[in-house]
Amino acid sequence: MKITKDLYQGSLALLTDFYQLTMAYAYWKSGKAEQEAVFNLFFRKNPFQSGFTIAAGLEYVIDFCRNFNFNESDLAYLADMKNTDGTVVFESNFIEYLKEMRFTCDLEAVEEGTVIFPHTPIIKVKGPLIQCQLLETALLNIINFQTLIATKAARVVLAAKGDSVLEFGLRRAQGIDGALAASRASFIGGCSATSNVMAGKLFGIPVSGTHAHSWIMSFDSELEAFYAYADAFPEKCVFLVDTYDTVNGIKNAIEVGKALREKGKEMIGVRIDSGDLAYFSNVARQMLDEAGFPDAKVVASNDLDEHIITSLKSQEASIDVWGVGTKLVTAYDQPALGAVYKLAAIRDENGNWDPKVKVSQQSIKINIPGNHDIIRFLKNGKAVADMIYLKEDTSGKNIFTIIDPIDPTKRKKVNSDSMEQLNLLKPIFNKGKKIYDSPSIDLIKENTQKNLQYFDKTHKRLINPHIYPVGLEEKLYQLRTDLVFKMKNYEHE
Ligand SMILES: Nc1ncnc2c1ncn2[C@@H]1O[C@H](COP(=O)(O)OP(=O)(O)OP(=O)(O)O)[C@@H](O)[C@H]1O
Ligand SMILES: O=P(O)(O)OC[C@H]1O[C@H](OP(=O)(O)OP(=O)(O)O)[C@H](O)[C@@H]1O
Ligand SMILES: O=C(O)c1cccnc1
């Protein structure tokens with residue numbers, strides 16, 4: 001995938017907050033630019049009150065890092081920036097430094113489609129402080145949105161209980177890139193196809209669709225419109241039946257379906273886009289069955305989301321395919337994921353990692369310090385707990401106490417001897433060189449479904465899900481507590 005080249009026609013290095021550049025300049029001025037650092041990208045709460053989150057966006061991150069350099073016009077723009085007193089913001093030696101800068105970091109990440117939880121790193125960047133810092137805004141922009149939408153899609157697809165979900169969001173998505181990224185993330189989350197043709201071309205996602213009311217309205221009668229469509233697309237007939245009168249529309253679809261059958265073709269089905277979808281889908285099912293079309297599908301659309309789909313399922317609606325647009329691609333009920341990117345450790349002059357913590361009044365906002373990793377423990381193929389730990393604290397151990405980072409009274413003991421262990425962070429770049437074999441979008445989508453299988457259905461419930469245990473190995477927990485006390489000057493207590 002070449003998002004930068006195909007979509008943005010050049011450099012994305014200026015896709016950042018201005019303060020990243022002023023900090024970069026100040027790191028450079030103070031001689032800290034090349035000091036080795038570790039930053040982690042993580043979120044603090046699952047979106048949509050979900051019990052899980054689906055990671056997405058890594059391919060965009062890879063593309064961003066590989067193309068990370070300031071081109072001539074970026075540099076000219078920066079060189080021209082002036083302070084209020086007329087002096088330049090960035091001195092020319094710094095502009096030269098930026099010109100030579102290339103991405104040379106190590107980067108680890110959870111693969112797209114992985115089920116993830118609050119507090120655990122999705123991406124870990126290790127490298128020169130200045131580079132780590134300059135990546136912050138773009139990495140958050142990419143991961144926050146795609147992870148949000150992949151999670152929403154996974155919830156919609158879970159609600160559809162095995163039925164196909166088509167993503168119809170382009171017309172109401174958040175701009176051009178929002179729409180493309182949302183189509184990609186929706187497919188990763190489990191949608192079967194998109195109506196967005198450009199997403200189909202760029203990402204290799206299947207495209208699909210029916211027709212609109214305008215098609216019907218452009219003819220003198222609905223029947224005439226159905227016949228004409230059947231003529232043009234005998235293999236692809238999903239007739240939209242609700243332009244004037246849904247029951248009459250279904251009758252017309254059946255008539256044209258019979259004519260198609262005489263020509264050796266089968267209509268695919270009907271689409272209902274308004275009214276009581278439970279009632280009209282059941283009417284459609286009965287009429288289609290009685291007319292000899294038991295395999296014809298009923299497609300429903302109209303402001304659907306996971307909750308309306310669940311309700312329609314509980315009403316025993318006869319809907320086989322769900323067209324979901326606005327509420328999916330805009331993440332209507334929670335328009336942003338709050339992932340953050342925090343400095344976790346800096347290498348000191350002796351080569352040791354110096355863990356760093358941001359102290360906050362709210363304990364949920366205190367980050368996890370140190371160059372840490374994550375393990376997922378599985379028993380009999382089911383995920384039991386995720387542990388955030390420091391390698392040096394755990395080597396040779398097999399019994400671990402995992403402590404909830406917010407509520408230390410919540411603990412879980414794990415004996416790793418009887419469990420399978422998954423390292424969630426995979427190496428993606430080594431000193432700026434890509435060492436990861438990117439999977440196809442189809443494999444990523446499969447990965448999502450495989451990952452969801454690891455989790456008990458109580459964690460996947462849409463409302464009030466059972467909380468999956470994620471925590472800090474006890475030594476890391478202690479390190480974090482000690483550091484907080486130290487930074488707050490509570491050492492004497
Ligand atoms: N049986 C049902 N149970 C729960 N929700 C339903 C049911 N049938 C339809 N809905 C949902 O109710 C909402 C109906 O919205 P609205 O009143 O705007 O549609 P409409 O008037 O039927 O159609 P439109 O305005 O698009 O012509 C939609 O979100 C739809 O998905
Ligand atoms: O409802 P969504 O989940 O966003 O799905 C996409 C919607 O887009 C189309 O509607 P259209 O743009 O013609 O508008 P209308 O049906 O709401 O009038 C289609 O008929 C769906 O209703
Ligand atoms: O193909 C469709 O039916 C479609 C596409 C976009 C939006 N609504 C419906």
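Bear in mind that the values here come from a model prediction, so they are computed numbers and not experimental data. Counting starts at 1 for both ligands and their atoms, following the listed order.
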Any ion pair linking [Y] and [X] (charged N to carboxylate O, less than 4.0 Å)?
| X | Y | result |
| --- | --- | --- |
| Glu112 | Arg184 | yes |
| Lys379 | Glu420 | no |
| Lys265 | Glu235 | yes |

Checking contacts now, so for [atom], which I'm interested in, is there any protein heavy atom under 4.0 Å?
| atom | result |
| --- | --- |
| atom 22 (O) of ligand 1 | yes |
| atom 2 (C) of ligand 1 | yes |
| atom 12 (O) of ligand 1 | no |
| atom 17 (O) of ligand 1 | no |

Has ligand 1 got any nitrogen or oxygen that is less than 3.5 angstrom from a nitrogen or oxygen of [X]?
| X | value |
| --- | --- |
| Lys327 | no |
| Leu312 | no |
| Asp303 | yes |

Can you report which non-hydrogen protein atom sits closest to [atom], along with the distance?
| atom | value |
| --- | --- |
| atom 6 (C) of ligand 3 | Arg171 NH2, 3.6 Å |
| atom 27 (O) of ligand 1 | Ser274 CB, 3.6 Å |
| atom 8 (N) of ligand 3 | Phe168 CD1, 3.6 Å |
| atom 9 (C) of ligand 1 | Gly275 O, 3.4 Å |
| atom 1 (O) of ligand 2 | Asp303 N, 2.8 Å |
| atom 9 (C) of ligand 2 | Arg171 NH1, 3.7 Å |

Only heavy atoms of [X], strictly under 4.0 Å: list the atoms of ligand 2 that pass.
| X | value |
| --- | --- |
| Arg271 | 19 (C), 20 (O) |
| Asp273 | 16 (O), 19 (C), 20 (O), 21 (C), 22 (O) |
| Arg172 | 4 (O), 7 (C), 8 (O), 11 (P), 12 (O), 14 (O) |
| Gly325 | 2 (P), 3 (O), 4 (O), 5 (O) |
| Thr326 | 2 (P), 3 (O), 4 (O) |

Within the supplied structure, the quantity of interest is the number of heavy atoms (other residues, nucleotides, ligands) at a distance under 6.0 Å from [X] [atom1]; does it exceed 12?
| X | atom1 | value |
| --- | --- | --- |
| Tyr244 | OH | yes |
| Met217 | CE | no |
| Asp220 | CG | no |

Would [X] pass as a cation-pi partner of [Y], given that its NZ or CZ must be under 6.0 Å from the six-membered ring centre and within 45 degrees of the axis?
| X | Y | value |
| --- | --- | --- |
| Lys152 | Phe48 | yes |
| Arg285 | Phe280 | no |
| Lys434 | Phe429 | no |

Contact between Lys327 and ligand 2, counting heavy atoms under 4.0 Å? no
Identity of the nearest option to atom 31 (O) of ligand 1, non-hydrogen atoms only, from Asn282, Ile272, Asp273, Asn302: Asn302
Whether the side chain of Tyr341 engages the backbone of Cys132 through a donor-acceptor N/O pair (distance < 3.5 Å, no angle test) should be reported. yes
Which of the atoms in ligand 1, numbered in the order shown and given with their element, are less than 4.0 Å from a heavy-atom of [X]?
| X | result |
| --- | --- |
| Leu304 | 31 (O) |
| Leu277 | 7 (C), 8 (N), 9 (C), 31 (O) |
| Gln315 | 1 (N), 2 (C), 3 (N), 4 (C) |
| Ala278 | 1 (N) |

Please determine if Thr210 has a nitrogen or oxygen closer than 3.5 Å to a nitrogen or oxygen of ligand 3.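 Between Thr210 and ligand 3, an N or O pair is found under 3.5 Å apart.
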With heavy atoms and a 4.0 Å threshold, my read on which part of Ile308 contacts ligand 1 is side chain
Give the atoms of ligand 3, by number and element, whose distance to some non-hydrogen atom of Gly209 is under 4.0 Å.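 Selected atoms, number and element: 1 (O).
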Ring centroids only, cut at 6.0 angstrom: are Tyr468 and Phe455 within range, meaning strictly under it?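 Ring centres of Phe455 and Tyr468 closer than 6.0 Å.
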